[in-house]
Amino acid sequence: MIDNDATTARLLVTCPDKPGIISAVSTFLFNHGANITDFDQHSSDAHGGTFFLRLEFQTPDLDCSRDALRNNFATRVAEPYGMQWQISYASEKKRMAVLVSRHDHVLMDLLWRTSRGDLPATIPMVISNHDDLRDEVERFGIEYHHIPVTADNKAEAEAEALRLLEGRVDVVVLARYMQILSPDFVSNYPHRVINIHHSFLPAFVGANPYQQAHDKGVKLIGATSHYVTADLDQGPIIEQNVQRVSHRHSAAELKSLGQDVERQVMLRAVRWHLEDRVIVDGNKTVVFVK
């Protein structure tokens, strides 16, 4: 039996929309012995606009090396159509660092699913501004780095985190990391830092948001996962979900339900990023999901 992860490649494309793109891409892959097994596209406008494409193709019968495939695609297809593009391979799992404070619900879900092979990633390290979760993380055989953060040492703490991350990770996940990252930190991982936070209708900020939501009698609670940018909580949204609640729910029940939604939303956002299903378009995303 063929291991699909060992043979599957993925192509993401963004370019000005015009006739012939699909034909050019599919003909190129056919001529190099690739078999397209999954294909999805989106155009931002029926008349011109921007064209987005994600496809998966199988590689056992390629007639050239991976480097040659990239070089040939660049000159024969990407350049003539003005494409932004990438080819990745499912067998090359992304390296995912997790930053966390004291709330463990998102972190433990990511660790457990990755350890079981449910998420196509490796986790080389967890970084925290508290030491509370060290034992839980190290049970998975993962490095745990405690970097305290105060108002006086924030720049030094970020520099230490960047030193640990350098060359060892492809994506950074903020699993309820209760610190605001500086623009300098984020610039090292553009569209590769994923955050999760609660999303109330209406929204409540500051301490104990679930108690505030209970006091105001909200009817919906939810969560949003997005890429982190220099603008606080304004980055491109990857996934959202809500849970209907009522006056019968206590503040503690709202918190429990909210954490469930946070886990689910973060899991989907991380999975879609790892599977190369997300294309960033300005401050929006195009997400190709099954």
Side-chain angles (χ1 to χ4, degrees), residues 7-95 120 169-172 183-184 186-194 225-231 234-239 269-290:
T7 62
T8 298
R10 301 163 182 149
L11 172 65
L12 293 181
V13 169
T14 304
C15 65
D17 196 3
K18 59 183 176 180
I21 298 171
I22 294 174
S23 175
V25 171
S26 58
T27 300
F28 172 85
L29 292 174
F30 171 77
N31 287 338
H32 281 288
N35 180 35
I36 297 173
T37 51
D38 191 67
F39 187 101
D40 205 348
Q41 69 179 84
H42 171 69
S43 296
S44 65
D45 191 285
H47 306 285
T50 303
F51 178 82
F52 305 92
L53 169 69
R54 180 190 186 272
L55 64 80
E56 294 185 357
F57 60 94
Q58 301 304 309
T59 61
D61 299 319
L62 285 180
D63 64 357
C64 62
S65 68
R66 291 180 176 184
D67 287 342
L69 187 74
R70 284 191 174 96
N71 292 337
N72 291 341
F73 186 84
T75 57
R76 299 176 187 176
V77 182
E79 290 178 10
Y81 284 93
M83 293 178 175
Q84 300 176 40
W85 62 281
Q86 70 175 53
I87 294 177
S88 60
Y89 295 87
S91 60
E92 298 175 353
K93 293 183 179 181
K94 291 180 176 61
R95 301 164 298 173
V169 301
D170 304 299
V171 58
V172 177
D184 179 64
V186 175
S187 69
N188 284 272
Y189 297 94
H191 300 146
R192 290 184 292 150
V193 180
I194 302 175
S225 183
H226 62 94
Y227 288 117
V228 177
T229 64
D231 298 319
Q234 298 297 310
I237 293 171
I238 307 170
E239 171 65 338
V270 169
R271 184 187 303 282
W272 295 339
H273 179 91
L274 296 175
E275 294 179 350
D276 302 301
R277 296 185 178 278
V278 185
I279 297 177
V280 177
D281 178 30
N283 201 45
K284 300 188 296 183
T285 59
V286 176
V287 184
F288 294 110
V289 296
K290 295 178 179 179

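Numbers for residues simply follow the sequence, beginning at 1. From a predicted model like this one, the values you see are computed outputs, not experimental measurements.
Scanning all heavy atoms of the two residues, the minimum distance from S43 to D17 falls at OG-OD2, 2.9 Å. Taking each heavy atom of Y89 and R66 in turn, the nearest pair found is OH-CG, 3.3 Å. Annotation for P16 and I21: closest pair O-CD1, 3.6 Å, computed over non-hydrogen atoms. Taking every heavy atom of both residues into account, V186 and V228 meet most closely at CG1-O, 3.3 Å. Heavy atoms only, all atoms of each residue included: V13 and F73 are closest at CG2-CZ, 4.5 Å. Considering every non-hydrogen atom in both V280 and G282, the closest pair reads CG1-O, 3.4 Å.
Separating the NE2 atom in H191 from the CD1 atom in I238 is a distance of 9.5 Å, to the nearest 0.5 Å. Between the CG atom in D40 and the CG atom in L53 there is a gap of 8.5 Å [rounded to 0.5 Å]. Atom CH2 in W272 sits 11.5 Å away from atom CD1 in I194 (nearest 0.5 Å). Between atom CE of residue M83 and atom CZ of residue F51 there is a gap of 7.5 Å, rounded to the nearest 0.5 Å. With rounding to the nearest 0.5 Å, the separation of OG1 in T14 from CD1 in I279 is 4.0 Å.
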(Q) V270 vs H273, test: side-chain contact (heavy atoms from CB on, under 4.5 Å). Steps then yes/no. (A) CA-CA 5 Å; V270 169; H273 179 91; 5.7 Å; no
Between F39 and E56, does a side-chain contact (heavy atoms from CB on, under 4.5 Å) hold up when you go through it step by step? CA-CA 7 Å; F39 187 101; E56 294 185 357; over 6 Å; no
message: side-chain contact (heavy atoms from CB on, under 4.5 Å), that's the test. Do F57 and L11 meet it? Break it down for me.
response: CA-CA 8 Å; F57 60 94; L11 172 65; 4.3 Å; yes
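Residues in residues 274-289 take part in these side chain to side chain donor-acceptor pair (under 3.5 Å) pairs, two or more places apart or across chains: R10-D276, Q86-D276, S88-D276, K94-D276, E275-R277.
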Output side-chain donor-acceptor pairs under 3.5 Å for residues 24-34, partner residues at least two apart or in another chain, one line each.
from: S26; atom 1: OG; to: I22; atom 2: O; distance (Å): 2.8
from: S26; atom 1: OG; to: S23; atom 2: O; distance (Å): 3.3
from: T27; atom 1: OG1; to: S23; atom 2: O; distance (Å): 2.7
from: N31; atom 1: ND2; to: T27; atom 2: O; distance (Å): 3.2
from: H32; atom 1: ND1; to: D63; atom 2: OD1; distance (Å): 2.8

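Take Y81 and apply the ring pair (Phe, Tyr, Trp, His ring centres under 6.0 Å) test, not counting sequence neighbours, and it matches no residue.
With hydrogens and angles disregarded, a donor-acceptor distance shorter than 3.5 Å links the side chain of S44 to the backbone of T50. Of the possible polar contacts, one joining the S65 side chain to the A68 backbone as a donor-acceptor pair under 3.5 Å is found.
No cation-pi contact links R192 to Y227, judged by a cut-off of 6.0 Å to the six-membered ring centre and 45° from its axis.
With hydrogens and angles left out, the side-chain atoms of T37 and Q58 include a donor and acceptor closer than 3.5 Å.
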